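Lettering of chains follows the sequences in order, A, B, ..., and the numbering in each one begins at 1. Given the structure is predicted, the values throughout are model-derived calculations rather than measurements.
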Protein chains: 2
Amino acid sequence: MERGYHHGDLRRALIEAGIELLDDGGVEAAGLRAAARKAGVSHAAPSRHFRDVAAFVAAIAAACFEQLAESMASARMTSSDSVSGFRATGLAYVSFALDHPNRFRVLSHPLVSNKASFPELRDASERTFGVLRQAIIDAQAEGTVRSDDPATVALAAWSMAHGLAILLVDQQLQGKGYAADPQQLTDNILEHLYEGLRPHG
Amino acid sequence: MERGYHHGDLRRALIEAGIELLDDGGVEAAGLRAAARKAGVSHAAPSRHFRDVAAFVAAIAAACFEQLAESMASARMTSSDSVSGFRATGLAYVSFALDHPNRFRVLSHPLVSNKASFPELRDASERTFGVLRQAIIDAQAEGTVRSDDPATVALAAWSMAHGLAILLVDQQLQGKGYAADPQQLTDNILEHLYEGLRPHG
DNA sequence: GGGCCAATGTTGCCAGCGTCTACACTACTC
DNA sequence: GAGTAGTGTAGACGCTGGCAACATTGGCCC
């Protein structure tokens, strides 16, 4: 891991360091200086790669979106039919949130909520959304989901998964009589949504 | 606005100052020192009322939850029947997010996501959720919403409204072929949800 | 090969923040 | 009226993000 004056791929190294810091300290811990320390570089070096801390967090969030999209896409791919693919996509979304709560939270952090300022983040976010939309389009093609405007159906499905994930991650469903097993609960809720999306409603 | 050595009601003053700072600078701007300045008090005074900055933000968030609950409750009250009351509650949720984006964002800010640490915030959050649940229970009593477990239906409805609100606030639906008017879009989406909740589905 | 230049990393500085400690003032109780 | 708990103040510390000046390097052109 020897390096000369120049790092070689500092930008990537900083993002990886940032994700580690994020994982075990939240977004507050993923600062420019902390990441620089972790990458073994001076405190001002990150400024060559990120305009400010918001840009840094945006890059981290974009990377996390890619991971999420990847996980959703592979869940969909390994499903046998379009319906289970649709469900698997939603389950993957919620599972990602439970497995990596801080990565999930950074996706909608106020610091980077203005996606217009961060094209890379906006693109990553739309790619993720696109996985879900594609799952819906497929299900519609097979006639297992009603043929409303796919964008609207995707919005409904995304909202459901997202809302559930937030409540689970923030532990707001504890002791309220919901299913103890998140997997089970997620399945129940998605079933509920699917009910409303079934053809000829 | 003369005051002696003691302020009289500093805690409330700080929260009000915090909300103003929040409105026009986001959570990052709503710091302890900034609020102290705004309240005309020394930088360390807030520590007498808030253990740390997270507790301060939690108090602000609790106040915002109360405002949201109030707005939802009054929207429900001024509706003629249970169905329109249900819809009005959801609309009020989304409208609050659009009218006060930063107040909406603070409700789910990572800094206060662990509601267990902030009982006041958890209570306020549950009161808000309770307004929606009550609207659903009423609609079920009138037979306009299927009689599934109200908590589950509420979770579905909340998720939908929340997901939509987030996407609108973060302007992620721009130029994607959705209805330009948020009000209209919200109504469409809620209609979609209501479709799935109609009795004997 | 040699020289120039843009990119990248370093050092040092500043203001602002949250937090802690010691101190000052006040209000309430006995 | 004295004492004490509650509240506000003053100052310090270490951290942060951000800026400017300087150092080092690699690539490009001649």
For [range], which residue pairs pass the salt bridge (charged side-chain N to carboxylate O under 4.0 Å, His left out) check, not counting sequence neighbours?
{"range": "residues 105-134 of chain A", "result": "A:Arg11-A:Glu120, A:Glu66-A:Arg127, A:Arg105-A:Asp170, A:Glu126-B:Lys176"}
{"range": "residues 53-63 of chain A", "result": "none"}
{"range": "residues 82-93 of chain A", "result": "A:Arg87-A:Asp187, A:Arg87-A:Glu191"}

Selection: residues 17-24 of chain B, any non-hydrogen atom under 4.0 Å of DNA chain D
none

In numerical order, the residues of residues 47-63 of chain A whose heavy atoms come under 4.0 Å of DNA chain D are A:Arg48, A:Asp52, A:Val53

Can I get a per-line list of side-chain donor-acceptor pairs under 3.5 Å for residues 44-61 of chain A, giving both atom names and the distance, sequence neighbours left out?
residue : atom : partner : partner atom : Å
A:Ser47 : OG   : A:Ala44 : O            : 2.7
A:Asp52 : OD1  : A:Ala54 : N            : 3.2
A:Asp52 : OD1  : A:Ala55 : N            : 3.0

Stems of at least 3 consecutive Watson-Crick or G-U wobble pairs (donor-acceptor distances under 3.5 Å) involving DNA chain C, listed by first number, are C:1-30 with D:1-30

Parallel, tilted or perpendicular: rings of B:His162 and B:Phe104 (30°, 60°)
tilted

Ring pair (Phe, Tyr, Trp, His ring centres under 6.0 Å) contacts in which one or both residues fall within residues 106-128 of chain A, not counting sequence neighbours:
A:His109-B:His109

Send over the distance from B:Glu28 CD to C:dG18 P, rounded to a whole Å.
10 Å

What pair of heavy atoms forms the shortest contact from A:Phe96 to A:Cys64, and how long is it?
CZ-O, 3.8 Å

List the residues meeting side chain to side chain donor-acceptor pair (under 3.5 Å) with B:Arg12, not counting sequence neighbours, and say none if there are none.
B:Asp9

Can you name the residues that form a side chain to side chain donor-acceptor pair (under 3.5 Å) with A:Ser117, not counting sequence neighbours?
A:Asn114

Tell me, please, which residues at least two apart from A:Phe86 pass ring-ring contact (aromatic ring centres under 6.0 Å, His included).
none

Here the residues of residues 30-46 of chain A within 4.0 Å heavy-atom distance, strictly under, of DNA chain C are A:Arg33, A:Val41, A:Ser42, A:His43, A:Ala44, A:Ala45

